[in-house]
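Notes to accompany the following structure.
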Amino acid sequence: MTRTHDVAVVGAGPAGLAAAVEAAEAGLDVALVDGAAQPGGQYWRHYDERHARPDDRAGHHGWPVFTGLRERLRTARAAGRIRYLPGRQVYLVTRDEAGTFTLRTTPSGAVGTPESISASGAVGTPESTSASGAGEAAKTFAASSPSGASAPDAAGQVTARALILCTGGYDRQLPVPGWDLPGVMTAGGVQALLKGHRVLAGRRAVVAGTGPFLLPVATGLARAGASVEAVAEANGTLGWLRDPVGAASVPGKAVEAAQYAALMARHRIPYRTRTVVTRILGQDRVEAVRISRVDRDGRPAGPVKEIAADLVALGWGFTPSLELALMLGADTRKDVDGSLVVAVDGFQRSSVEGVYVAGEATGVGGAVLATQEGRLSALALARSLGRPAVPGLMGRLRAAIGRGRRFAAAMHRTYPVPSAWTEWLEERTLVCRCEEVSYGDLRRAHTDLCAHDPRTLKMLARPGMGWCQGRVCGFATAGIAACLNRRETTAEDLRPLSTRSLAAPVTLGELAALDRSRTSPDDPHHDQ
Amino acid sequence: MTPQWFGRSAGRRREGADLVVVGAGVVGAASAYFACLAGLRVVVVERGAIAGGTSSAGEGNLLVSDKEAGPELDLALYSQRVWREDLAEHAPLWEFEAKGGLVVAASEPSVAALRELGDHQRRHGVEVRDVGRDELRDYEPHLSPRLAGAAFYPQDAQVQPMLVVAHLLRLARGLGAEVRTRTEVTGFLRDGDRVTGVRTTGGDIPAGAVLNAAGTWAGAVAGLAGVRVPVLPRRGFVLVTQPMPPRTIRHKVYAAEYVGDVASSDAGLQTSPVVEGTDSGTILIGASRERVGFDRTVSVEAISALAAKAIALFPMLREVRAMRTYLGFRPYCPDHLPVIGPDPRAPGLWHACGHEGAGIGLSAGTGKLVAQALTGRAPDLDLKPFAPDRFPDAAPDTEEVPQ
Amino acid sequence: MTYRMTFRGAAVPAEPGQSVGAALVAAGILDWRSTRKAGRPRGLFCGIGVCFDCLITIDGVPDRRACLVPAADGMRLGDSAQDRSLGSPQDRSVGSPQGDESRGGGSRDASQGGGRDEDA
């Protein structure tokens, strides 16, 4: 009953889509698992295709690249080479002694089937669900997916002999007083509302943080009709254009930057460099922000200005999602931007045999690079399985990836997280939004209770122990721990806050359905 | 067992200590605290961070309900008094909650067995209330209606074990103790047979006595002194749910079979459901036991069995989400008793380790007893059943795992 | 067509293809849950399924991510007591939607910061 694929690709963003179609076209039997209802990932997030309008694509970079990949996905699925499983999150990955990987998945909720119903239905828990119940859930599941999803195996399992992890990332956040007020969102969340749902999250917006991603968010908001009161960029700007290595690596990026500069000018968006939001004001929702000029390290060093706003979009670069790679024991390293990433070799191979990683999880670098890495990982895997290779292709990809990485590093050096960012914090500023742990709580755990490392901080003060399991506050908590010890953040600080024993919340009913001790061989749900 | 060294400590060099405690887990922290109270100069050395081993991998149980008459029950009852009397003023710091334990049985025969155990425990000082089928829901509104009966143990309590460690060490520091983390013991200072201190990655520390409180890794520490203490790892998983409304589950609730599993020496996987709420809203679901060395891989078999059995007790848990799981290695000895007291094979070396899955609860009593013995007083409880040299020199069936 | 949903009894429209959270924000509703400790309001934050700030009861099923779940005609949103009562009652019984200011974060002692479970 269980089909063991040649490879399972996790994530259907730029890297995952490229990897899946490339692997399928190289003759491999592919499973593609993705949390969203339709392919594209965060970068090519777009409105539900069943209800699309022509203007939905406005502002999408590389859209023809996406539609090309999507078409190849359709072709490969039609040929039975890709089993596509959207709307499912992998919560656990294991590797057996023979080297076969098992992914256990749970509905993400994005495909319209109530999570808990499809959860207990699809897994066929003996007491609760008859065989027809499970079938019913599967039917609802397939019918409700815009892309006509394949049903997963009874227990939501996918098995494969190799993995390509393209798990992407999400906006990196730094806490600031007031960041928990409604009306404060991640820059990516604001973008997702616009691109994925045609919703403008506010009328008067301030976009703040650092990095080039602030520009498309600001111009997207302006185009949709918001008044963007300011873009507060913590760093100086355009430094990367002056970086000889960076600018020369990917010339097209300079053109892209010039386009954004023109858009910013057209919408008259004030672009304030060396400026940070030091406090977000409001009672039960955002009313205003306080911005301040800062020095190179991010220390407030200038006049403070208050700007009325009902939307604040925050982004400090991106945090890669490493749960699955870490669960398998892959080696990691601290990247130029300060994030923990998976260490890979020149063929996207991690330290774990059979596990390839591509895209942001190997270092934040953007969609073009991610797509190239996805392709390379699939080609490298196919070659290792004896499939014929296109002469020269891998070499060209590797060269392009090298250039892309150099460019990414130059960008990271231009837009660092300011080293003095913890000075914006006040005792009562929440660091962990889930467990409501303040900076003062962390400081006291450090001083009074010997919580000198992030893991001990986590155990004693609970940052990262709530619903999101440290996805949002992990980077900040590691940074605070290091700062309290008067040193720089290390990979060892970041690892315990990036490691999660379950990569997504899963109902106990779903877990119970995996219990072999209670499943008899003649049980119709027995999953073998 | 008079501690000869104690009188000699006066002339020791400044960097020396009366007592070096090896291991900043809950047993080490409690021992350090009580030793400080008794007037000793204490240095705690820990190779990692505080509460970094098994102390941070359990549920914080202070149980009497799962113990039959014998030295462990005596120690558990003694420890209960220490928690509730000696440590009473600090109880809120570590979320001490006298929530009581509810041991449930699924069938009439197991209710009968439960009653028999209860009668036996009552004779040895344990408070037990028989709970009939009709009263179950008064104790736990979400319990499965299929259960046949239960026994309620009001003495069972719970703490947040990492906070226990952190605060006991804080209190000990206030009494003059020094805590050195990231400091690994690499050997012992010797004067003939006698242990006169430790060698560490951070330098030598001369001491009047050294207490091995290294938990699951205590066998390796003992080995550095040339003595055998057969402490072995027994792996356990705990599932943690999403935060739930307060008092969803009010007591520590476990199935009668748990008692059997605790006492078992079977190497294979055993799971018996133990379900309890916490201050932070999460529900903890244990307990699995298996002997697999120090393997840290998540066992699908173990966590799925825990989930299934927890649902059997509380059907509402089926739709509740697990957010994470964690594992730990209980330090157990072949006879399931801890090792507490001076080691005659290496004078100056003491042990307080091997408390298996009961270390949080037993730590307070252990620490106080060790401090009494170290300072030459007669301990409140006879330590003979816990003697370090009670094991044969080389067990025929050593399941010892490379550390 | 436009879907019609209700949020605590009030009508909320949604365009087919929008998420529940997007439809709420479009209707000017920025928060639909309060935190367990301080009782603070929460709505969309990451918007992509990562942060779990936007949990909501949908058709009686609690703790669904509003940012992920597609809107559907007739959905009942946020009408469970649980969206408002996840927290400890003593924190909310003060009646202020912001909860007790003194527990808003910074004043909580680290000694009380822990929870009983752990490991990391």
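Note that these values count all heavy atoms, side chains included, but never hydrogens, waters or copies made by symmetry. In what follows, chains carry the letters A, B, and so on, assigned in the order in which the sequence lines appear, proteins first and then strands, with residues in each chain numbered from 1.
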Nearest non-hydrogen partners of [X] and [Y], listed with the distance:
X	Y	value
A/Leu511	B/Ser304	O-CB, 3.0 Å
A/Thr507	B/Glu319	CG2-O, 3.8 Å
A/Ala512	B/Ala307	N-CB, 3.8 Å
A/Arg455	B/Ala51	NH1-O, 4.3 Å
A/Met459	B/Ile50	CE-O, 4.0 Å

Answer with side chain, backbone, both or neither: which region of B/Ile285 has an atom nearer than 4.5 Å to a non-hydrogen atom of chain A?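 Looking at B/Ile285, just its side chain touches chain A.
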
Of the backbone (N, CA, C, O) and the side chain (C-beta and beyond), which part of B/Leu239 lies under 4.5 Å from a heavy atom of chain A, both, or neither?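 Just the side chain, heavy atoms under 4.5 Å.
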
Could you give me the CA-CA distance, side-chain angles and deciding distance for A/Met465 and B/Ser280, then say whether side-chain contact (heavy atoms from CB on, under 4.5 Å) is met? CA-CA 9 Å; A/Met465 299 293 261; B/Ser280 46; over 6 Å; no

Using only atom types and a distance under 3.5 Å, with no angle test, would you say the side chain of [X] pairs donor to acceptor with the backbone of [Y]?
X	Y	value
B/Arg324	A/Ala503	no
B/Arg173	A/Asp448	yes
A/Ser501	B/Thr325	yes

Quick one: pull up [atom1] in [X] and [atom2] in [Y] and give me the separation to the nearest 0.5 Å.
X	Y	atom1	atom2	value
A/Cys434	B/Met323	SG	CE	8.5 Å
B/Leu306	A/Asp515	CG	CG	9.0 Å
A/Leu460	B/Ser56	CG	OG	9.5 Å

Could you walk me through whether B/Arg182 and A/Asp453 pass side-chain contact (heavy atoms from CB on, under 4.5 Å), step by step? CA-CA 11 Å; B/Arg182 313 250 168 247; A/Asp453 61 292; 3.6 Å; yes

Quick check: do B/Arg170 and A/Leu449 have side-chain heavy atoms less than 4.5 Å from each other?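 Yes, close enough: below the 4.5 Å cut-off.
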
Side chain to side chain, A/Thr456 and B/Thr181, heavy atoms closer than 4.5 Å: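 Side-chain contact under 4.5 Å: no.
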
B/Leu169, B/Thr297, B/Val300: which one forms the most heavy-atom pairs within less than 4.5 Å of chain A?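 Most heavy-atom pairs within the cutoff with chain A belong to B/Val300.
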
